[in-house]
Undergrad: 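Handing you this structure, nothing more for now.
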Amino acid sequence: LGNGSVTFSNGGISGYDAQTIELSNNGSVSFSSKNSYKGSAISVGEFSSITLSNNDSVTFSGCEPYYTGEGVLNGDQFSTITLNGNRSVTFSKNLDGAIRGGTNSTITLSNNGSVTFIGNSDPGNGGVICGGWKSMIELSGNESLTFSENKASSYGGAIYGDRDSTITMSDNGSVTISGNKASSGGAIDAYGNLSIRNNDSVLFEKNAEKSAGSYRLRSIYARGSGATIYLSAAEGKSIEFRDAVYIAS
């Protein structure tokens with residue numbers, strides 16, 4: 001708490017079950033960690049929390065875990081991952097996804113300045129954010145939100161929510177989701193509910209699904225019985241899709 005700068009260039013922070021990890025009120029917080037045992041930057045067990053709040057800048061760049069499927073910020077079941085009130089948040093060129101939560105996890109990015117995810121990738125689901133079964137993913141109140149050129153081998157080039165999950169993107173400034181790729185849901189694959197509402201502007205473009213060696217433009221793939229997509233623009237604003245939206249059920 002209250003440091004000028006915090007830097008991890010080799011190794012990260014790991015906690016077990018029912019642990020709390022917090023980095024708050026610092027100047028810059030930077031991770032370029034590789035080959036950590038669990039999540040390449042910060043990892044916790046079940047019923048634990050990771051919080052990064054009120055920092056001038058938060059940067060995760062070029063992080064790579066020792067084992068696949070762990071993510072840069074990694075939480076087990078019933079975990080909470082929160083980034084709140086930071087002036088800028090950047091995840092760039094990280095392997096194995098940026099933020100991963102397990103079953104019944106909660107992932108929240110709220111009231112930050114600029115939030116940028118660029119060039120991140122995952123060999124499975126969620127090139128940026130992956131929520132487990134019955135997870136909640138909330139992106140709200142950020143000044144700007146950008147997902148660009150991220151990719152996943154399977155579901156959700158930018159965001160994946162597993163069965164009975166809820167993804168909410170609300171009350172942000174400008175939202176740009178472009179150039180993301182996956183085999184299903186170029187930008188977002190939602191196995192549950194997806195709500196995009198009351199943002200200043202939202203643009204989906206050049207998001208694509210890869211099938212049999214070719215690409216088709218598709219931003220959102222919604223699946224599962226009872227899955228709902230809720231879209232509502234702020235007054236005088238717009239949600240623009242230059243890619244397809246597909247509801248499977």
Side-chain angles (χ1 to χ4, degrees), residues 1-9 11-15 19-33 36 39-44 48-63 70-75 79-101 105-120 126-131 135-150 158-159 167-178 180 196 198-202:
L1 299 173
N3 299 290
S5 64
V6 178
T7 302
F8 288 82
S9 57
I13 302 172
S14 182
Q19 299 289 302
T20 298
I21 295 175
E22 180 177 359
L23 294 167
S24 298
N25 301 305
N26 301 290
S28 63
V29 176
S30 176
F31 286 81
S32 55
S33 309
S36 297
S40 56
I42 305 175
S43 178
V44 292
S48 297
S49 66
I50 299 170
T51 301
L52 293 97
S53 64
N54 301 315
N55 301 290
D56 284 346
S57 66
V58 175
T59 304
F60 297 88
S61 179
C63 295
E70 299 296 347
V72 174
L73 301 181
N74 187 73
S79 62
T80 300
I81 300 174
T82 304
L83 288 90
N84 173 264
N86 303 288
R87 289 188 180 180
S88 69
V89 176
T90 304
F91 288 77
S92 66
K93 298 181 180 179
N94 300 292
L95 301 182
D96 235 28
I99 305 173
R100 304 185 70 84
S105 60
T106 301
I107 298 170
T108 304
L109 284 86
S110 62
N111 303 312
N112 300 288
S114 63
V115 179
T116 303
F117 300 94
I118 182 168
N120 303 284
V128 173
I129 299 174
C130 181
S135 62
M136 296 186 65
I137 299 170
E138 180 179 356
L139 309 167
S140 65
N142 303 290
E143 291 180 11
S144 67
L145 190 58
T146 302
F147 294 83
S148 177
E149 305 296 330
N150 304 289
I159 302 172
I167 301 170
T168 302
M169 190 178 298
S170 66
D171 302 296
N172 299 288
S174 63
V175 178
T176 303
I177 305 176
S178 65
N180 303 286
I196 301 174
N198 300 331
N199 303 285
D200 281 354
S201 64
V202 179

Undergrad: Check whether any side-chain heavy atom of Leu83 sits under 4.5 Å from a side-chain heavy atom of Val115, and report yes or no.
TA: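 No, every pair of side-chain atoms sits at 4.5 Å or beyond.
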Undergrad: Determine the sole option in Asn180, Asp96, Asn150 for which the side-chain hydrogen bond (donor to acceptor under 3.5 Å, both in side chains) test with Asn120 is passed.
TA: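 Testing each of Asn180, Asp96, Asn150 against Asn120, the sole residue satisfying side-chain hydrogen bond (donor to acceptor under 3.5 Å, both in side chains) is Asn150.
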Undergrad: Any donor-acceptor pair under 3.5 Å linking the side chain of Thr146 with the backbone of Thr116?
TA: no
Undergrad: Measure the CG-CD1 distance between Asn94 and Ile118 for me, rounded to the nearest 0.5 Å.
TA: 11.5 Å
Undergrad: Under the side-chain hydrogen bond (donor to acceptor under 3.5 Å, both in side chains) test, which residues partner Ser144, sequence neighbours left out?
TA: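 Ser144 satisfies side-chain hydrogen bond (donor to acceptor under 3.5 Å, both in side chains) with no other residue.
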Undergrad: Please report the interatomic distance OG(Ser14) to CG(Asn74), rounded to the nearest 0.5 Å.
TA: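 The distance works out to 9.0 Å.
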Undergrad: On a heavy-atom basis, which atom in Ile42 and which in Leu23 lie closest, and how many Å separate them?
TA: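 Shortest heavy-atom separation between Ile42 and Leu23 comes out as CD1-CD1, 4.1 Å.
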Undergrad: In Å, rounded to the nearest 0.5 Å, how long is the span from OG1 of Thr82 to CD of Glu138?
TA: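 If we round to the nearest 0.5 Å, Thr82:OG1 and Glu138:CD are 9.5 Å apart.
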Undergrad: Judged by modelled atom types alone, do Ser53 and Ser24 share a side-chain donor-acceptor pair under 3.5 Å?
TA: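 There is such a pair (donor and acceptor under 3.5 Å, judged by atom type) between the side chains of Ser53 and Ser24.
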Undergrad: With side chain to side chain contact (heavy atoms under 4.5 Å, CB included) as the criterion, how do Phe147 and Val128 come out once you've worked through the C-alpha distance, each side chain's angles and the decisive distance to 0.1 Å?
TA: CA-CA 8 Å; Phe147 294 83; Val128 173; 3.7 Å; yes
Undergrad: Against Phe60, only a single residue in Phe91, Phe117, Phe8 fulfils ring-ring contact (aromatic ring centres under 6.0 Å, His included); can you say which?
TA: Phe91
Undergrad: What is the minimum heavy-atom distance between Ser32 and Cys63, and which atoms define it?
TA: CA-SG, 3.9 Å
Undergrad: Looking only at non-hydrogen atoms, find the nearest pair between Asn142 and Asn111 and report the distance.
TA: OD1-N, 3.5 Å
Undergrad: Measuring from Glu22:CD to Leu52:CG, what's the distance to the nearest 0.5 Å?
TA: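 Output value for this atom pair is 8.5 Å.
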Undergrad: So, do Leu139 and Ile159 sit near enough that their side-chain heavy atoms are less than 4.5 Å apart?
TA: yes
Undergrad: What residues, two or more places apart in sequence or in another chain, satisfy salt bridge (charged side-chain N to carboxylate O under 4.0 Å, His left out) together with Asp200?
TA: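 Here no residue qualifies.
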Undergrad: Test your reading of the model: is there a side-chain donor-acceptor pair from Asn199 to the backbone of Asp171, 3.5 Å cut-off?
TA: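 Yes: the side chain of Asn199 pairs with the backbone of Asp171.
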Undergrad: Measure the CG-CG distance between Asn86 and Asn55 for me, rounded to the nearest 0.5 Å.
TA: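 Rounded to the nearest 0.5 Å, the CG-CG separation comes out at 5.0 Å.
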Undergrad: Only counting residues at least two apart or in another chain, list the ones meeting side-chain hydrogen bond (donor to acceptor under 3.5 Å, both in side chains) with Asp56.
TA: none
Undergrad: So, for Gly85 and Asn112, which heavy atoms are closest and what is the spacing to 0.1 Å?
TA: N-OD1, 3.2 Å
Undergrad: Using atom types as modelled and distance alone, determine if a side-chain donor or acceptor of Asn172 lies under 3.5 Å from a backbone N or O of Gly141.
TA: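 Yes: the side chain of Asn172 pairs with the backbone of Gly141.
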Undergrad: Would you kindly say whether Ser92 and Ser61 are connected by a side-chain donor-acceptor distance under 3.5 Å?
TA: yes
Undergrad: Using every non-hydrogen atom in the two residues, find where Gly75 and Ile81 come nearest and quote the distance to one decimal.
TA: N-CD1, 3.9 Å
Undergrad: So which atom in Leu145 and which in Met169 form the shortest heavy-atom distance, rounded to 0.1 Å?
TA: CD2-CG, 4.1 Å
Undergrad: Mind checking the OG-CD1 spacing from Ser49 to Ile21? Nearest 0.5 Å is all I need.
TA: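 The distance works out to 8.0 Å.
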